Every structure is written in C-alpha cells, then in structure tokens.
Colleague: 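Sharing a structure here in structure tokens format.
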Amino acid sequence: MLEWNLDTDGTLRIKGSGNIDNRLWSGEKYKIKRVIAAVRNMTNAYGLFCDCKNLEYVDFKELDLSGIKDMSYMFGGCMKLKHLEFGTGNTSEATDMHGMFSGCASLTHLNLETFDTGKVTDMSYMFLECSSLKKLDLKHFNTASVTNLYGMFEGCGSLTELDLSGFQTQNAVNMRDMFYNCRNLVSLDLHGFDTARVSDMSGMFEQCASLRHLDLSRFVTKNLTGMERMFYQCKSLMDLDLEQFDFSSLKMNEEGCCGIHDMLTSVQELKKVKMPANLPEEAMLPCGKNDGLWMSEDQKRCKSAAAGLDAPMVYIRI
C-alpha cells in the first residue's frame with residue numbers, strides 16, 4: 001500500500017510498500033520540485049520521474065532500492081535536477097540502467113559510490129546529455145555483465161577527465177557513440193578495456209575535441225563490424241597507435257567503403273599514427289592549408305596510409 005501527497009510548494013512525499021505508479025500524478029508532474037520517498041519492496045522504477053522537468057531535489061535516503069531490477073529512464077529528462085541523494089543505494093538486483101540520468105542537464109555532481117552494478121547488462125545512454133556534470137567517479141562500478149554501452153557518456157560536455165580503467169568490458173558488444181561530444185574531455189583512461197566482443201565502435205570518440213592522447217594499444221577489434229566516425233572531429237589528438245586493430249570483419253557501406261578511408265581526415269593535430277598490417281582500404285591522412293605530406297616508416301612521402309601491407313606502418317607528419 002502506497003500513500004502520496006503533492007504539497008503546494010511542489011514537494012511530492014511518497015511512503016509505503018510496492019511499486020510506485022507515476023500515472024497517479026502524471027497530470028501534475030510539472031508541479032513537482034522536490035521528492036521525498038520512503039518506500040520498500042519496489043521491483044520496477046522504469047521512467048519513475050521521467051520528464052519531471054521542474055524537479056530539482058530528490059531524497060531517496062529512506063527508499064529501499066535493493067529489489068529494483070529496472071531503473072531505466074528513472075530520471076530521464078529531469079533537466080533541472082541538481083541534488084540527488086540515494087543513501088545506502090543498494091542496487092544489487094538491478095539489470096537495466098539505460099537512460100537512468102539522461103537529460104539531467106543541471107546535475108553538476110553525482111555520488112554513485114554505493115551502487116552495486118554487478119547484474120546490470122544495459123548502461124546505454126545512462127548519462128546522456130548530463131551536460132553540466134563536472135566530475136564522475138565510477139572506479140567502483142562493476143561492469144562485468146554489461147553488454148550495451150551505447151552513448152553512455154554522450155553529451156557530457158563539462159567532463160574534463162574520466163577514469164574507466166577499472167571497467168570490466170569482456171561482455172560488451174556495443175560501444176557506439178560512447179563518448180560522443182564529450183568536447184572538453186582531456187583525460188580518458190581506458191587501459192583496462194576488453195573489446196574482444198565489441199562489434200560497433202562507430203562514433204565512439206566523435207567530437208572529443210579536447211583529447212590530445214588516447215591509448216588504444218590494448219584494443220582487440222577482431223569482431224568489429226562498424227567504426228564509421230570513430231575519431232571524427234577529434235581535433236586535438238596528436239598520436240594514435242592502431243597497430244593491434246583488426247579490420248577484417250568491417251562491413252562495407254553502399255559506396256563500397258568500410259569507414260577507414262576518411263576516419264582520420266578530421267584529426268587535424270595528428271602528428272604520428274601507427275597503422276596495422278592488411279588495411280582493407282587506404283586511410284587518408286589529415287592535412288592543413290599549408291601542409292599535406294606525411295613520411296612513412298620506409299621513407300616514402302604520402303598522403304594516405306597504404307592498404308594491404310604485410311606489416312604495420314608508422315606515418316609521421318612532415
């Protein structure tokens with residue numbers, strides 16, 4: 001049995017036991033500014049406060065999260081949300097967190113240290129367009145069961161650093177647009193990533209315009225079928241080591257290309273790149289108004305990385 005009341009000051013108070021039916025206040029959700037909940041025995045929080053566009057403060061210190069399996073879009077579209085407190089935050093039964101904080105454009109910080117994510121399989125769009133988020137500590141996240149990371153940090157334009165070295169991604173298959181438009185990201189640590197099962201990295205780093213260095217030397221791409229726009233508008237990247245990349249599974253598009261030909265052309269500050277053997281097609285190298293030549297490791301001037309070579313090749317801008 002649940003009881004709820006929406007005060008005249010916009011405070012929604014909920015207490016009791018069982019799943020919360022947000023249809024009860026759907027016609028008045030625009031009035032909600034604060035939520036204080038003391039509820040137990042919940043199993044489903046899908047879209048719980050989705051599109052409560054004036055919601056600013058959430059107190060979940062007395063909310064029992066331990067039985068909830070679906071937390072997707074729980075706060076989706078809460079564009080004014082600034083404070084969110086989970087208390088103990090036991091989420092050990094959760095399997096779906098996709099879109100959980102998507103569109104929370106006013107959040108500047110988010111404490112998820114108590115979250116147990118060991119059973120979560122879907123984190124796609126989890127922080128989509130959290131454009132004011134300045135810091136995010138996910139070192140404790142257990143991502144061993146996650147298969148979908150599509151757009152997880154897309155549009156997090158205020159983040160300057162992100163340490164994901166502890167992410168266990170051995171079951172991940174989709175990393176498309178994972179860091180799309182993280183335009184102020186300067187430091188990104190992915191050195192623990194296991195990408196052996198990933199099939200889609202299209203747009204993964206697109207518009208990460210402030211990244212100067214990116215260590216992908218441990219990436220395994222034998223199952224990669226899509227990588228269009230992977231480095232598009234990574235304007236500040238200075239070097240790339242793609243020696244271990246395997247492009248043999250890439251699918252051809254309608255033009256008969258697999259996304260390699262122009263994947264580096266917008267990486268304007270690139271000075272050095274190491275390409276793998278057996279490129280399926282040549283990769284054009286970036287050039288500016290006053291330059292356009294590169295030197296290959298075998299001392300040949302060029303404007304593109306050659307296809308079909310038997311060994312990896314280093315290219316240096318001259």
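Since the structure is predicted, the reported quantities are computational estimates derived from the model, not experimental observations.
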Colleague: Linking I/L/V/M/F/W/Y whenever their side-chain heavy atoms sit closer than 4.5 Å, directly or via other members, would Met152 and Leu128 fall into one cluster?
Modeller: no
Colleague: Taking the side chain as everything from C-beta on, heavy atoms only, tell me whether Leu164 gets closer than 4.5 Å to Phe179.
Modeller: yes
Colleague: For Asp96, is there any backbone N or O sitting under 3.5 Å from a side-chain donor or acceptor partner on Ser72?
Modeller: no
Colleague: State, to 0.1 Å, how close Ser210 and Asn184 come at their nearest heavy-atom pair, and which atoms those are.
Modeller: OG-CA, 3.6 Å
Colleague: How about Phe231 and Leu214: do any of their side-chain heavy atoms sit closer than 4.5 Å?
Modeller: yes
Colleague: Please walk me through it: do Asp239 and His213 pass side chain to side chain donor-acceptor pair (under 3.5 Å)?
Modeller: CA-CA 6 Å; Asp239 58 87; His213 303 285; 3.0 Å; yes
Colleague: In a check of side-chain hydrogen bond (donor to acceptor under 3.5 Å, both in side chains) between Asp7 and each of Arg13, Lys33, Arg34, which one passes?
Modeller: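 Exactly one pass, corresponding to Arg13.
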Colleague: Tell me if the OH atom of Tyr46 is crowded by more than 12 foreign heavy atoms within 6.0 Å.
Modeller: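 Not more than 12 within 6.0 Å, no.
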Colleague: Would you say Tyr232 and Phe205 make side-chain contact, with heavy atoms under 4.5 Å?
Modeller: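 Tyr232 does not reach Phe205 side chain to side chain.
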Colleague: What do the steps show when you test His98 against Tyr125 for ring pair (Phe, Tyr, Trp, His ring centres under 6.0 Å), and what is the final call?
Modeller: CA-CA 6 Å; His98 85 269; Tyr125 295 135; 7.9 Å; no
Colleague: What's the separation between atom OG1 in Thr160 and atom CZ in Arg183, rounded to the nearest 0.5 Å?
Modeller: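 Separation between the atoms: 12.5 Å.
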Colleague: Is a donor on one side and an acceptor on the other found under 3.5 Å between the side chain of Asp189 and the backbone of His191?
Modeller: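 Looks like yes, one N/O pair under 3.5 Å.
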Colleague: Any donor and acceptor pair, going by atom type alone, linking the side chain of Asp177 with main-chain N or O of Met204 inside 3.5 Å?
Modeller: no
Colleague: Side chains of Met71 and Val120, heavy atoms from C-beta outward: is any pair under 4.5 Å?
Modeller: no
Colleague: Tell me which one of Asn5, Leu6, Leu12 satisfies side-chain contact (heavy atoms from CB on, under 4.5 Å) with Trp25.
Modeller: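 Going through the options one by one, the only one that passes is Leu12.
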Colleague: Any salt bridge linking Lys53 with Asp51? Criterion: basic side-chain nitrogen under 4.0 Å from a carboxylate oxygen.
Modeller: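 Yes, Lys53 and Asp51 are salt-bridged.
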Colleague: Do Trp4 and Met42 share a hydrophobic cluster (ILVMFWY, side-chain heavy atoms under 4.5 Å, transitive)?
Modeller: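 Same cluster: Trp4 reaches Met42 through Ile, Leu, Val, Met, Phe, Trp or Tyr contacts under 4.5 Å.
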Colleague: Is there side-chain contact between Val39 and Ile20, with at least one heavy-atom pair below 4.5 Å?
Modeller: yes
Colleague: I'd like to know if the side chain of Ser266 reaches the main chain of Gln233, judged simply by a donor and an acceptor atom lying under 3.5 Å from each other, with no hydrogens or angles considered.
Modeller: yes
Colleague: What's the separation between atom CG in Leu293 and atom CD1 in Ile316, rounded to the nearest 0.5 Å?
Modeller: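 Spacing of CG (Leu293) from CD1 (Ile316) equals 14.0 Å.
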Colleague: List the steps and the verdict of side-chain contact (heavy atoms from CB on, under 4.5 Å) for Phe49 and Asn22.
Modeller: CA-CA 7 Å; Phe49 298 105; Asn22 60 8; over 6 Å; no
Colleague: Could you check whether any side-chain N or O of Gln168 sits under 3.5 Å from a backbone N or O of Thr143, counting only pairs where one atom can act as donor and the other as acceptor?
Modeller: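 A pair under 3.5 Å: yes.
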Colleague: Please say which of Phe153, Phe75, Phe141 ends up in a ring-ring contact (aromatic ring centres under 6.0 Å, His included) with Phe127.
Modeller: Phe153
Colleague: Taking NZ, NE, NH1 and NH2 as the nitrogens, is one of them in Lys274 or Glu243 under 4.0 Å from a carboxylate oxygen of the other?
Modeller: yes
Colleague: Can you tell me how far CE of Met79 sits from OG of Ser131, rounded to the nearest 0.5 angstrom?
Modeller: 10.5 Å
Colleague: Tell me if the CG atom of Asp310 is crowded by more than 12 foreign heavy atoms within 6.0 Å.
Modeller: no
Colleague: As a quick check of understanding, evaluate side chain to side chain donor-acceptor pair (under 3.5 Å) for Glu269 and Ser236, giving each step before the final call.
Modeller: CA-CA 5 Å; Glu269 296 298 317; Ser236 301; over 6 Å; no
Colleague: Quick check on side-chain hydrogen bond (donor to acceptor under 3.5 Å, both in side chains): which of Asn44, Asn41, Thr43 does Asn19 satisfy it with?
Modeller: Thr43
Colleague: I'd like to know if the side chain of Ser187 pairs up with that of Glu161 as donor and acceptor (distance under 3.5 Å, no hydrogens or angles considered).
Modeller: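 No, no side-chain donor-acceptor contact under 3.5 Å.
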Colleague: Would you say Ile260 ends up clustered with Met201 if hydrophobic residues are merged whenever their side chains have heavy atoms under 4.5 Å apart, either directly or through other cluster members?
Modeller: yes
Colleague: Please say whether more than 12 non-hydrogen atoms of neighbouring residues, nucleotides or ligands are located less than 6.0 Å from CD in Glu85.
Modeller: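 Atom CD in Glu85 is crowded, with more than 12 foreign heavy atoms closer than 6.0 Å.
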Colleague: Identify whether the distance between the nearest side-chain nitrogen and carboxylate oxygen of Arg176 and Asp200 falls below 4.0 Å.
Modeller: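 Asp200 and Arg176: salt-bridged.
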Colleague: At their closest point, which heavy atom of Ser304 faces which heavy atom of Glu282, and how far apart are they?
Modeller: OG-OE1, 3.1 Å
Colleague: Assigning hydrophobic clusters by single linkage (Ile, Leu, Val, Met, Phe, Trp, Tyr; side-chain heavy-atom cutoff under 4.5 Å), is Val35 placed with Leu112?
Modeller: yes
Colleague: Answer whether the closest heavy-atom distance between the side chains of Arg317 and Pro286 falls below 4.5 Å.
Modeller: yes
Colleague: Tell me, with the steps shown, if Leu216 and Phe245 meet side-chain contact (heavy atoms from CB on, under 4.5 Å).
Modeller: CA-CA 9 Å; Leu216 306 179; Phe245 272 46; 4.1 Å; yes
Colleague: Take a 6.0 Å sphere around NZ of Lys15 and say whether it holds more than 12 heavy atoms from other residues, nucleotides or ligands.
Modeller: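 Counting neighbours around NZ of Lys15, 12 or fewer heavy atoms of other residues, nucleotides or ligands fall under 6.0 Å, so no.
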Colleague: How many angstroms lie between OG in Ser92 and NZ in Lys119, if you round to the nearest 0.5 Å?
Modeller: 6.5 Å
Colleague: Please report the closest heavy-atom contact between Tyr73 and Cys50, naming both atoms and the distance.
Modeller: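 The answer is O-CB, 3.6 Å.
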Colleague: Between Asp70 and Thr95, does the side-chain contact (heavy atoms from CB on, under 4.5 Å) criterion hold? Intermediate values first, please.
Modeller: CA-CA 6 Å; Asp70 190 348; Thr95 60; 5.9 Å; no
Colleague: Whether the side chain of Asp262 engages the backbone of Leu264 through a donor-acceptor N/O pair (distance < 3.5 Å, no angle test) should be reported.
Modeller: no
Colleague: CE of Met238 to CZ of Arg212: how many Å apart, nearest 0.5 Å?
Modeller: 5.0 Å
Colleague: Please check this pair: side chain of Thr169 against backbone of Asp194, looking for a donor-acceptor N/O pair closer than 3.5 Å.
Modeller: yes
Colleague: Find the distance between CG (Asn90) and OG (Ser66) and round it off to the nearest 0.5 Å.
Modeller: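 Answer rounded to 0.5 Å: 5.5 Å.
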Colleague: Can you find a pair of side-chain heavy atoms, one from Met175 and one from Thr195, that are under 4.5 Å apart?
Modeller: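 They are in contact (side-chain heavy atoms under 4.5 Å apart), so the answer is yes.
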Colleague: Indicate the atoms forming the closest heavy-atom contact of Asp298 with Met313, along with that distance.
Modeller: OD2-CE, 3.7 Å
Colleague: Tell me whether Thr147 contacts the main-chain N or O of Ala172 through its side chain, where contact means a donor paired with an acceptor under 3.5 Å.
Modeller: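 No.
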Colleague: Hydrophobic cluster membership, with links at side-chain heavy-atom distances under 4.5 Å among I/L/V/M/F/W/Y: are Leu63 and Leu24 in one?
Modeller: yes
Colleague: Find out whether Thr225 and Ser199 are in side-chain contact, i.e. whether some heavy atom of one side chain is under 4.5 Å from a heavy atom of the other.
Modeller: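 In contact.
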Colleague: Taking all atoms of both residues into account, what is the closest heavy-atom pair of Cys52 and Ile32, and its distance?
Modeller: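 Smallest interatomic distance, heavy atoms only, reads SG-CD1, 4.3 Å.
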Colleague: Given 3.5 Å as the limit, does a donor-acceptor pair link the side chain of Ser124 with the main chain of Asn148, or not?
Modeller: no
Colleague: Any idea which heavy atoms bring Ser132 and Ala105 closest together, and the distance?
Modeller: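 Nearest pair, atom of Ser132 first, then Ala105: OG-O, 2.6 Å.
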Colleague: As a quick check of understanding, evaluate side-chain contact (heavy atoms from CB on, under 4.5 Å) for Leu136 and Leu138, giving each step before the final call.
Modeller: CA-CA 6 Å; Leu136 191 58; Leu138 302 179; 3.9 Å; yes
